[in-house]
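Input: a single structure, listed below in structure tokens.
Only heavy atoms go into these numbers, but all of them, side chains included; no hydrogens, no water, no symmetry mates. When a ligand or atom number is given, it counts from 1 through the structure's own listing order.
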Amino acid sequence: FTLGLATTELALHAPSQIASAMKTRANQLGFNVVISMIDNLSLAACRTAVNELMSQRVDGILINVPLSNDDATAIAQLCGTLPALFLDVDPEADVFKILFDPHCGAEQGVEHLLALGHQQIAVLTGPLESISARLRYEGWINTLARRDITPCAIQHGDWSAASGYQQAFLLLKQPKRPTAILVANDQMALGVLRAVHEFGLRVPEQISVIGYDDTEDSAFFFPPLTTIKQDFRLLGHESINRLLGNLHNHDDHHGDSLLLPTSLVVRHTTA
Ligand code: IPT
């Protein structure tokens, strides 16, 4: 068998670690994974990637591309009878999927900051074209609202460390300076840590920073990053297992969908 992976930008840490985990699991089982990377976040780009994989006669497709419910349904239709497993859709999406619970992750981050006594909380979201970025953002806002808190500042990045660095200055220049920043991924948090340092503030004494992902290097940021862990090794392992389990099961396109939990990893950027 050969499996196809349609993926978003592999220069980003999370998608590359997910792809690596999938390859590792597939190799253990004696399968091959071919990869097609999209060049922009659009339905058209995802269609192109899926068509490319189908023309290589893959036996099943993994789709790690952020897709709205309608777009996911359109891609599932494009795949026809070929089993297709989605990794970046809404938990409500009516497709075969394996996801980390975005509500759970967003809530864990907010609850951690609230437990430390923070009230002046700024948020830095991912790109709003991404369904996961929107769901984390929504989860933060809802969890804060339950405590009658609204973020003291909001900015939007593009998942990169560079965007985290740039947007952090805008958050720090607010008249009411935040005592904590919720960041939608670890790469942006890396940029935020540098910006905070250049701004002359100490982490975590003067400002707390929390990331999201727990990618391989996050324990080696300075200071070591407190974050919300998504276990990408487990995701890679489970997605290959479940897609293979579905190869012979052509009439049940939903297969065994799975919602994985996230967990809080407390290191040294929050106090
Ligand atoms: C998601 C990551 O959390 C984020 O950091 C970014 O890399 C994004 O992917 C790229 O699409 S994880 C995804 C499975 C929701």
Side-chain angles (χ1 to χ4, degrees), residues 5-22 35-43 45-46 49 62-69 71-72 75 85-93 95-106 108-109 123-140 156-164 167 182-192 209-218 221 225 227-240 242-243 257-265:
L5 167 64
T7 179
T8 195
E9 182 55 78
L10 285 171
L12 292 172
H13 298 171
S16 71
Q17 286 170 25
I18 292 166
S20 164
M22 287 171 172
I35 297 180
S36 176
M37 190 176 89
I38 61 161
D39 51 16
N40 67 80
L41 288 185
S42 70
L43 176 59
C46 189
L62 303 141
I63 301 165
N64 184 17
V65 173
L67 294 168
S68 68
N69 292 354
D71 289 358
I75 294 294
L85 177 61
F86 293 79
L87 291 109
D88 197 354
V89 293
D90 192 299
E92 306 287 309
V95 292
F96 178 31
K97 57 194 179 285
I98 169 163
L99 310 167
F100 292 102
D101 187 343
H103 307 293
C104 158
Q108 286 165 336
V123 306
L124 174 53
T125 78
L128 296 184
E129 306 93 284
S130 154
I131 180 71
S132 294
R134 292 203 299 275
L135 291 170
R136 287 173 204 175
Y137 181 28
E138 212 177 271
W140 287 339
H156 311 289
D158 65 4
W159 298 128
S160 72
S163 74
Q167 301 304 317
L182 280 163
V183 187
N185 78 338
D186 289 3
Q187 271 186 283
M188 293 195 294
L190 177 61
V192 169
V209 175
I210 179 166
Y212 203 109
D213 276 346
D214 197 28
T215 34
E216 300 280 340
D217 301 333
S218 307
F221 292 4
L225 187 69
T227 191
I228 303 301
K229 182 179 181 71
Q230 305 194 97
D231 189 337
F232 294 130
R233 229 165 261 289
L234 177 67
L235 178 70
H237 200 275
E238 278 298 324
S239 52
I240 295 293
R242 277 167 200 257
L243 184 60
S257 286
L258 181 65
L259 196 59
L260 294 165
T262 54
S263 57
L264 171 69
V265 178

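Short contacts between ligand 1 and D213, defined as distances under 4.0 Å to a heavy atom of the residue, involve ligand atoms 2 (C), 3 (O), 4 (C), 5 (O). Heavy-atom proximity to Q230, at under 4.0 Å, picks out these atoms of ligand 1: 3 (O), 12 (S). Every atom of ligand 1 with a heavy atom of T8 under 4.0 Å away is listed here by number and element: 10 (C), 11 (O). For ligand 1 and L87, the ligand atoms under 4.0 Å from any heavy atom of the residue are 14 (C). Near S132, meaning under 4.0 Å from one of its heavy atoms, ligand 1 places the atoms 15 (C).
Remark: the backbone N or O of L12 is not paired with any side-chain donor or acceptor of Q187 at under 3.5 angstrom. A donor-acceptor pair is defined here as one N or O able to donate and one able to accept, closer than 3.5 Å; such a pair exists between the side chain of Q108 and the backbone of T262.
A heavy-atom distance below 4.5 Å is found between the side chains of P66 and T8. Here the side chains of Y212 and Q230 are in contact, with some heavy-atom distance below 4.5 Å. Considering only heavy atoms from C-beta on, I75 comes within 4.5 Å of L43 through its side chain. At a threshold of 4.5 Å between non-hydrogen side-chain atoms, the residues D186 and L225 count as touching.
Assignment of P15 to the shell around ligand 1 is supported, since a heavy atom sits closer than 4.0 Å.
The protein heavy atom nearest to atom 13 (C) of ligand 1 is D88 OD2, 4.0 Å. The protein heavy atom nearest to atom 9 (O) of ligand 1 is A14 CB, 4.2 Å. Of all protein heavy atoms, the one closest to atom 1 (C) of ligand 1 is R136 NH2, 3.8 Å.
At a heavy-atom cutoff of 4.0 Å, ligand 1 is contacted by no atom of Q17, backbone or side chain. For N64, every heavy-atom contact with ligand 1 shorter than 4.0 Å involves the side chain, none the backbone. Residue Q187 does not touch ligand 1, judged by heavy-atom distances below 4.0 Å.
For ligand 1, none of its N or O atoms has an N or O atom of Y212 under 3.5 Å away.
Of the charged side-chain nitrogens involved, none lies within less than 4.0 Å of a carboxylate oxygen, so that E92 and K97 do not count as a salt-bridged pair.
Of the listed residues (F86, W159, F100), the one carrying the non-hydrogen atom nearest atom 10 (C) of ligand 1 is W159.
Residues forming a side-chain contact (heavy atoms from CB on, under 4.5 Å) with S132 (at least two apart in sequence, or on another chain): D88, S130, R136. The side-chain contact (heavy atoms from CB on, under 4.5 Å) check on S68 picks up D70, D71, with sequence neighbours excluded.
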